[in-house]
Amino acid sequence: MFLRSFHQCSKADWNILNLKTKNGLNMSLKNYCESWRMNVELHNIQNFQVVPQECVSYIGTYVISTQYQVDSERAIEECLVYLSTSCNLKKDGRDVWLFDIDDTLLSTVPYFKKHQFGGEQLNLTSLEEWMRQGKAPVLEYSLKLFNELKSRGVQIILVSSRRGHLRSATIDNLVDVGYHGWTSLRLRGPDDGLDGVQKFKANVRKQLINDGYRIWGIL
């Protein structure tokens with residue numbers, strides 16, 4: 001899910017000669033890169049266009065590692081615990097869970113593996129051409145949560161930063177890897193692109209709430 005954060009969001013400040021934190025703590029390059037990655041995940045670091053070059057190797061190693069798989073599994077397991085203990089589902093067709101697509105349901109790792117794991121400036125045309133091929137692999141733990149939600153009668157709405165012209169390829173890709181039975185798929189239209197991704201998604205959530213839906217989770 002880390003890739004989803006960085007390929008949507010400007011270059012972080014980093015001085016290779018300054019290996020101390022502002023409070024004087026000694027740190028290694030690995031310390032720095034791990035802290036940078038974690039804070040990207042938490043959306044504390046924004047407005048960057050590329051992964052700092054010093055961290056490209058670290059990020060690449062992480063997203064193809066067992067640790068990445070373990071982190072993904074743990075995130076989904078926590079969602080399942082929350083679903084079982086904290087969601088008072090009404091089962092009236094108004095219980096909703098929102099999913100993003102890229103690096104939530106489908107993995108973009110194969111694409112970014114060929115583009116320095118985010119160390120290159122994002123080429124949207126190139127990325128969309130890859131998406132159009134419909135070959136993004138499934139994220140198995142997300143599929144587990146997706147199916148569990150369906151079995152409990154939760155309506156699943158997909159809200160993606162992908163643009164509308166990718167609708168057909170996106171649907172084919174999702175179905176091919178095992179995702180079936182979502183309620184709707186919201187992609188950005190020409191007007192949505194003017195507002196930016198975050199505002200587009202916020203507008204979708206606002207409209208769903210206004211329509212009487214209860215949003216129990218967002219991934």
Side-chain angles (χ1 to χ4, degrees), residues 1-16 18-23 25-86 97-122 127 130-131 135-149 158 160-161 173-174 177-179 197 217-219:
M1 299 178 184
F2 169 76
L3 286 166
R4 173 169 55 87
S5 300
F6 81 64
H7 77 65
Q8 291 176 356
C9 298
S10 327
K11 191 167 184 178
D13 293 331
W14 167 243
N15 183 350
I16 193 66
N18 182 10
L19 293 177
K20 289 183 180 293
T21 68
K22 290 183 178 180
N23 291 322
L25 294 174
N26 291 322
M27 66 175 174
S28 66
L29 181 58
K30 181 179 180 180
N31 295 147
Y32 169 78
C33 293
E34 172 60 16
S35 177
W36 185 87
R37 179 192 68 79
M38 181 183 70
N39 280 280
V40 168
E41 290 274 19
L42 296 172
H43 299 288
N44 292 332
I45 296 177
Q46 301 182 23
N47 301 319
F48 69 92
Q49 296 174 355
V50 295
V51 173
Q53 284 299 310
E54 295 84 0
C55 295
V56 167
S57 177
Y58 172 82
I59 297 302
T61 298
Y62 170 71
V63 297
I64 62 174
S65 69
T66 300
Q67 186 63 54
Y68 181 79
Q69 297 295 325
V70 170
D71 291 346
S72 298
E73 180 179 18
R74 180 59 183 270
I76 295 304
E77 290 299 327
E78 291 300 322
C79 288
L80 290 169
V81 170
Y82 164 72
L83 179 64
S84 297
T85 62
S86 303
W97 195 288
L98 306 184
F99 281 97
D100 200 340
I101 293 177
D102 296 305
D103 296 300
T104 300
L105 299 181
L106 302 174
S107 174
T108 65
V109 169
Y111 175 82
F112 283 101
K113 187 176 181 179
K114 297 179 179 180
H115 296 275
Q116 296 189 52
F117 294 101
E120 294 179 5
Q121 185 83 27
L122 178 65
L127 177 60
W130 180 82
M131 290 174 173
K135 301 298 184 183
V138 66
L139 288 167
E140 294 288 352
Y141 302 116
S142 296
L143 181 58
K144 177 181 177 181
L145 175 61
F146 182 97
N147 287 331
E148 181 64 25
L149 288 163
L158 311 184
S160 173
S161 62
N173 196 164
L174 288 166
V177 300
Y179 293 106
V197 173
I218 302 171
L219 279 182

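If you read the sequence from its start, that first residue is 1, and numbering goes on from there. All of these numbers come straight from a predicted model, not from anything done at the bench.
Residue K114 comes nearest to E120 through the heavy atom pair O-OE2, 4.4 Å, listed as atom of the first residue, atom of the second, then distance. What you find for D102 and S160 is that their closest heavy atoms are OD2-OG, 4.3 Å. Contact record, L143 with G178: CD1-O, 3.5 Å, taken as the closest heavy-atom pair. Heavy-atom minimum distance, A136 versus W130: CB-CH2, 3.6 Å. Of all heavy-atom pairs between L145 and C79, the closest is CD2-CB, 3.9 Å. The minimum heavy-atom distance between N31 and S28, with the atom names listed, is OD1-N, 2.8 Å.
Residues I76 and L219 are in side-chain contact: their nearest non-hydrogen atoms beyond the backbone lie under 4.5 Å apart. Residues L139 and T104 have side chains not in contact (no heavy-atom distance under 4.5 Å, counting atoms from C-beta outward). Between L122 and F112 the shortest side-chain heavy-atom distance falls below 4.5 Å. Counting only heavy atoms from C-beta outward, the side chains of Y32 and P52 approach each other to under 4.5 Å. Using a 4.5 Å cut-off on side-chain heavy atoms (C-beta onward), I101 and N173 make no contact. Between F117 and V51, the closest side-chain pair of non-hydrogen atoms is not below 4.5 Å.
Considering only residues two or more places apart in sequence or on other chains, Y58 meets the side chain to side chain donor-acceptor pair (under 3.5 Å) condition with E34. For Q116, there are no side chain to side chain donor-acceptor pair (under 3.5 Å) partners two or more places apart in sequence or in a different chain. By the salt bridge (charged side-chain N to carboxylate O under 4.0 Å, His left out) test, E77 is found to be paired with K144, residues two or more places apart in sequence or in another chain being considered.
Expressed to the nearest 0.5 Å, how far CD1 of I218 lies from CH2 of W97 amounts to 9.5 Å. Taken to the nearest 0.5 Å, the OG atom of S65 stands 7.5 Å off from the CG atom of D71. In this structure, R37 CZ and L42 CG are separated by 9.5 Å, a value rounded to the nearest 0.5 Å. Interatomic distance, E78 CD to E73 CD, rounded to the nearest 0.5 Å: 11.0 Å. Between Y179 atom OH and L105 atom CG the span is 4.5 Å, to the nearest 0.5 Å. For the atom pair D103 CG and S72 OG, the distance stands at 9.0 Å (nearest 0.5 Å).
Ring geometry, Y62 versus Y68: the interplanar angle exceeds 60°, so the pair is classed perpendicular (tilted spans 30 to 60°).
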* Carefully, step by step, assess R74 and Y141 under the rule side-chain contact (heavy atoms from CB on, under 4.5 Å). => CA-CA 9 Å; R74 180 59 183 270; Y141 302 116; over 6 Å; no

